[in-house]
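Input: a single structure, listed below in structure tokens.
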There are 2 protein chains.
Amino acid sequence: MQVILMKALGDDTRLAIFEQLCKRELTVTQLTERFDVSQPAISQHLRVLKRCRLVHERREGRFAHYRGRPEGLRPLINWLAHYQKFWPERLDTLSALLKTMPEGEKKR
Amino acid sequence: MQVILMKALGDDTRLAIFEQLCKRELTVTQLTERFDVSQPAISQHLRVLKRCRLVHERREGRFAHYRGRPEGLRPLINWLAHYQKFWPERLDTLSALLKTMPEGEKKR
DNA sequence: ACAATATATAAGTATTTTCTTATACGTTAA
DNA sequence: TTAACGTATAAGAAAATACTTATATATTGT
């Protein structure tokens with residue numbers, strides 16, 4: 001369901017975290033430095049983002065490296081494609097393109 | 001800001017209302033019949049959707065006809081286009097297409 | 001082994017959001 | 001003109017969400 005995705009990205013802090021993590025992989029501590037909320041708050045946001053696969057955790061000892069997963073946005077794209085019939089013809093090829101977009105892991 | 005859009009669409013009832021209104025124009029009363037929340041709740045959801053231009057109100061006497069405005073999704077599309085560089089090359093033309101998509105009113 | 005570090009979880013509080021009922025306002029029909 | 005109808009707004013209750021502090025757990029460096 002794309003409502004879950006919208007909810008996840010509908011919070012300013014969480015959206016900012018996602019955007020950061022799409023630029024570079026960061027640990028929880030590094031994220032905590034960059035935002036003015038507590039470390040637990042960051043962890044909680046990460047859990048939400050992880051639940052809908054918008055971020056990926058790479059454990060390395062006691063460090064948790066997180067990176068953004070833009071592929072996780074796919075359900076949103078798919079949902080939006082439903083509405084392309086309301087947009088100009090120029091975009092008519094969008095859904096075709098989307099249909100052929102692979103499901104699995106993508107290169108970054 | 002696309003967070004506002006996400007917030008607006010991040011509620012199940014509101015998303016369902018938007019989807020209904022993209023299919024057909026409906027009055028507040030008709031919407032109230034279709035959902036199991038009170039009429040004021042519907043009006044409040046409509047206000048949120050209207051604020052971010054996801055619906056349009058057509059007044060006709062005491063009736064308020066609402067219809068969905070899928071064009072209002074554009075900020076979302078634009079934002080998503082930022083992430084296309086993380087997607088397969090197949091989609092590389094997406095942003096070009098989006099850039100040329102007109103801003104004004106579109107045909108339905 | 002022990003202290004320090006990195007993160008997660010628990011529990012509670014504060015804030016925001018969504019709902020309700022009551023009511024106000026404008027429009028139409030009788 | 002007045003009663004009924006359609007919708008919006010106000011006010012407050014209920015529910016959901018985002019935060020905090022305290023603490024647990026695991027890992028590393030000394």
message = Please check this pair: side chain of A:R53 against backbone of A:G72, looking for a donor-acceptor N/O pair closer than 3.5 Å.
response = no

Rounded distance (Å) that lies between atom [atom2] of [N] and atom [atom1] of [X]:
X	N	atom1	atom2	answer
B:F63	C:dT27	CZ	C1'	9 Å
B:F35	C:dT18	CZ	P	15 Å
B:K7	C:dT18	NZ	C1'	14 Å
B:H45	C:dT16	NE2	P	19 Å

ask   = Can you list every salt bridge (Lys or Arg N to Asp or Glu O under 4.0 Å) pair that touches residues 37-50 of chain B, not counting sequence neighbours?
value = B:K50-B:E57

inquiry  = I need the full list of salt bridge (Lys or Arg N to Asp or Glu O under 4.0 Å) pairs touching residues 26-39 of chain B, with sequence neighbours left out, sorted by first then second residue.
reply    = none

ask   = Which residues, if any, of residues 8-15 of chain A bring a heavy atom under 4.0 Å of DNA chain C?
value = none

Pairwise 5' ranking along DNA chain D for A:S38 and A:E60, keeping only the more 5' one = A:S38

request  = Quick one: list whatever passes side chain to side chain contact (heavy atoms under 4.5 Å, CB included) with A:R62, sequence neighbours left out.
outcome  = none

query = Pairs in or reaching into residues 2-11 of chain B: which pass side-chain hydrogen bond (donor to acceptor under 3.5 Å, both in side chains), with residues at least two apart or in two chains?
reply = none

note = Its 5'-most and 3'-most nucleotides having an atom under 4.0 Å from a non-hydrogen atom of chain A, DNA chain D is contacted over D:dT17 to D:dT28

ask   = Considering only heavy atoms from C-beta outward, does the side chain of A:R74 approach that of A:W79 to under 4.5 Å?
value = no

query = Just wondering, do A:R14 and A:V48 contact through their side chains at under 4.5 Å, heavy atoms?
reply = yes

remark   = Quick note, ring pair (Phe, Tyr, Trp, His ring centres under 6.0 Å) partners involving residues 23-54 of chain A, not counting sequence neighbours, are none

Pairs where residues 53-78 of chain B contributes a residue and the test ring pair (Phe, Tyr, Trp, His ring centres under 6.0 Å) is met, not counting sequence neighbours = none

ask   = Taking only residues two or more places apart in sequence or in another chain, which ones pass side chain to side chain donor-acceptor pair (under 3.5 Å) with A:R58?
value = A:E25, A:E60

message = For A:Q39, give me all partners under side chain to side chain donor-acceptor pair (under 3.5 Å), at least two apart in sequence or on another chain.
response = A:S43

Protein N or O to nucleotides 8-13 of chain C N or O, pairs below 3.5 Å:
| from | atom 1 | to | atom 2 | distance (Å) |
| --- | --- | --- | --- | --- |
| C:dA8 | OP1 | A:Y66 | OH | 2.7 |
| C:dA8 | OP2 | A:S43 | OG | 2.7 |
| C:dA8 | N7 | A:Q39 | NE2 | 2.9 |
| C:dA8 | N6 | A:Q39 | OE1 | 3.3 |

key: A:R62 (side chain) and C:dT5 (base): donor-acceptor pair under 3.5 Å   = yes

